[in-house]
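Presented below is the structure to which this report refers.
Bear in mind that the values here come from a model prediction, so they are computed numbers and not experimental data. The figures here come from the full heavy-atom set of this structure, side chains too, leaving out hydrogens, waters and symmetry mates.
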Amino acid sequence: MPDPWQDAMDHAVALARKAGSMVRDAVQNEMTITCKSSSVDLVTKTDQKVEKLIIESVKEKFPKHSFIGEESVAAGETCVLTDDPTWIVDPVDGTTNFVHGYPFVAISIGFAVNRKMEFGVVYSCIEDKMYTARKGKGAFCNGQTLQVSDQKDISQSIIATEFGSNRDAEVVDKIFSSMRKILCLPIHGMRGVGTAATNMCLVASGCVEAYYEIGIHCWDIAAGAVIVTEAGGVLMDVEGGPLDLMSRRVIAANNRNIAERIVKEIDAFTPLRDDAPIEPK
Ligand code: IPD
C-alpha cells in the first residue's frame, strides 16, 4: 500500500534544505535580533522569514493541513494539537547559537495525524546533516541508518541537557540541582549543543545516551521524538509517565533503564503548557 504521508515527508525534507540554505546565508550576513518572553529568548528576522516560507509552501501544497509554528505562536496563534494532519515547526532551533555563530542550528519539522507523530525531519544545517524518520520505517542521517547506544549503565553514559531560557533563580536552582545529581552518579560527561532537536538526533545517533530538559516547546521536540523512537530509543516524561508533547518536559533515551535512572535524579517542575489557553490582554 502506498504511504499516504510520503509526499508530505518529501516536501518537508525539501523545505528543510531550502530553509537551511537561508539560515547559512544569514549567518554570514547581518541579522536583526529581537527578544520574546525575556532578554535571553531571542528571535531574528530569519526565524520569521523561514517560518513564513514553510507555512506558505505547506498551505499551498496541503491546504487542509494544520500548522503549529514557533513564530506563529509567538505572534498570537493558538498552539493546540487536533486530530488534523498537523505540521509542527521550529524554523530555527538554536536561535541563540545562530545569533552568536555557534555552529549548531537546526530546522525541525514534525508531522502528526490524530495527535500521533508520523514523521520527523531535523536538518542540522551548518553541519549539513539531514536527519529523517518515518513511523515504522527507521531513522536516518544523510541516508545512513541510525541506532541508539546499547549502554544500560548510566555511569558509562554521556547525558545531554540544556539551561533553556528561563532565568528565574528558583528554576535555575532546580536545573543545577538535577544536573549536579546526574553528574555525580557519576556519568562520563554532560553535554548540550544548544538545540533540543539536534540533542535528540545525537541520542538517535548513539553518541549520547539520553537528553532531558524542562522548558522546551512542542516544536523543539516533535520531529526529534520520531527520530529517537525510530532509532530504537524511548521517550518519557521527567516524572516517568508517557511523553506529553505539550507539557514542555522530555526525556529521550536509548532505553528505559537510562530514562528511569534520570527520572530518579530530576527535580521536576511544571512550566505553563504549550496548549494553555491564551490569557486575554
Ligand atoms: C531552544 C533550543 C534550546 C533549548 C530551549 C529551546 P529555540 O529552541 O532548543 O536548546 O534549551 O529550551 O527553546 O528557541 O532556539 O528555537
Side-chain angles (χ1 to χ4, degrees), residues 1-24 50-72 79 81-94 105-125 127-148 195-205 217-235 243 245-246 250 252:
M1 206 175 78
D3 180 344
W5 306 121
Q6 189 60 51
D7 199 20
M9 183 162 169
D10 292 344
H11 194 60
V13 172
L15 281 174
R17 236 181 245 297
K18 196 163 172 191
S21 140
M22 283 166 75
V23 171
R24 279 193 304 265
V50 170
E51 183 156 318
K52 190 164 177 275
L53 163 98
I54 298 174
I55 301 185
E56 284 178 357
S57 175
V58 168
K59 281 192 175 155
E60 199 187 320
K61 199 163 162 57
F62 305 102
K64 292 195 172 131
H65 290 188
S66 296
F67 195 90
I68 294 174
E70 175 169 18
E71 304 319 329
S72 313
C79 181
L81 187 59
T82 65
D83 286 343
D84 293 346
T86 304
W87 296 62
I88 306 171
V89 175
D90 189 342
V92 178
D93 187 43
V105 180
I107 290 83
S108 174
I109 305 179
F111 180 76
V113 182
N114 295 323
R115 297 165 214 244
K116 299 256 179 300
M117 296 309 303
E118 288 289 338
F119 67 74
V121 172
V122 172
Y123 182 40
S124 181
C125 63
E127 306 177 278
D128 191 21
K129 287 189 174 173
M130 180 67 78
Y131 295 92
T132 57
R134 168 79 181 97
K135 192 170 82 187
K137 294 193 175 162
F140 301 88
C141 176
N142 291 347
Q144 301 282 328
T145 306
L146 297 177
Q147 176 65 47
V148 292
T195 113
T198 307
N199 285 326
M200 293 177 91
C201 292
L202 293 173
V203 174
S205 306
H217 295 276
C218 57
W219 46 80
D220 298 313
I221 61 167
V226 199
I227 296 170
V228 167
T229 50
E230 285 301 316
V234 299
L235 302 167
L243 174 76
L245 201 60
M246 294 290 158
V250 68

Looking only at non-hydrogen atoms, find the nearest pair between [X] and [Y] and report the distance.
X      : Y      : answer
Ile109 : Ala223 : O-CB, 3.4 Å
Ser205 : Cys201 : OG-O, 2.7 Å
Ala196 : Asp93  : N-OD2, 3.1 Å

Does [X] have any side-chain hydrogen bond (donor to acceptor under 3.5 Å, both in side chains) partners at least two apart in sequence or in another chain, and if so, which?
X      : answer
Glu71  : Lys36
Lys129 : none
Tyr131 : none
Asp90  : none

key: salt bridge (Lys or Arg N to Asp or Glu O under 4.0 Å) partners for Lys18, two or more places apart   = none

key: Sequence-distant partners of Asp83, salt bridge (Lys or Arg N to Asp or Glu O under 4.0 Å), two or more places apart   = Arg115

Table please: side-chain donor-acceptor pairs of residues 55-63 below 3.5 Å, with sequence neighbours left out.
| residue | atom | partner | partner atom | Å |
| --- | --- | --- | --- | --- |
| Glu56 | OE2 | Lys52 | NZ | 3.3 |
| Ser57 | OG | His11 | NE2 | 2.8 |

In chain order, what residues pass the side chain to side chain contact (heavy atoms under 4.5 Å, CB included) check against [X], with sequence neighbours excluded?
X      : answer
Met130 : Val13, Ala16, Arg17, Val121, Tyr123, Thr132, Asn142
Ala133 : Ala139, Val226, Ile227, Glu230
Ala222 : Ile88, Met117, Leu245

key: Results of ring pair (Phe, Tyr, Trp, His ring centres under 6.0 Å) for Phe111 - residues two or more places apart only   = Trp5, His65, Trp87, Phe119

ask   = Does Pro91 reach the side chain of Glu70, with side-chain heavy atoms less than 4.5 Å apart?
value = yes

inquiry  = Would you say that Cys79 contacts Cys218 through its side chain, given a criterion of any heavy-atom pair below 4.5 Å between the two side chains?
reply    = yes

query = Between Thr195 and Val122, is a side chain to side chain contact (heavy atoms under 4.5 Å, CB included) present by the stated rule, with each step listed?
reply = CA-CA 11 Å; Thr195 113; Val122 172; 6.0 Å; no

message = side chain to side chain contact (heavy atoms under 4.5 Å, CB included), that's the test. Do Val92 and Val105 meet it? Break it down for me.
response = CA-CA 7 Å; Val92 178; Val105 180; 3.6 Å; yes

inquiry  = Using 0.5 Å steps for rounding, measure from the CE atom of Met200 to the CG atom of Asp220.
reply    = 9.5 Å

key: Euclidean distance, Lys137 NZ relative to Gln6 CD, rounded to 0.5 Å   = 5.5 Å

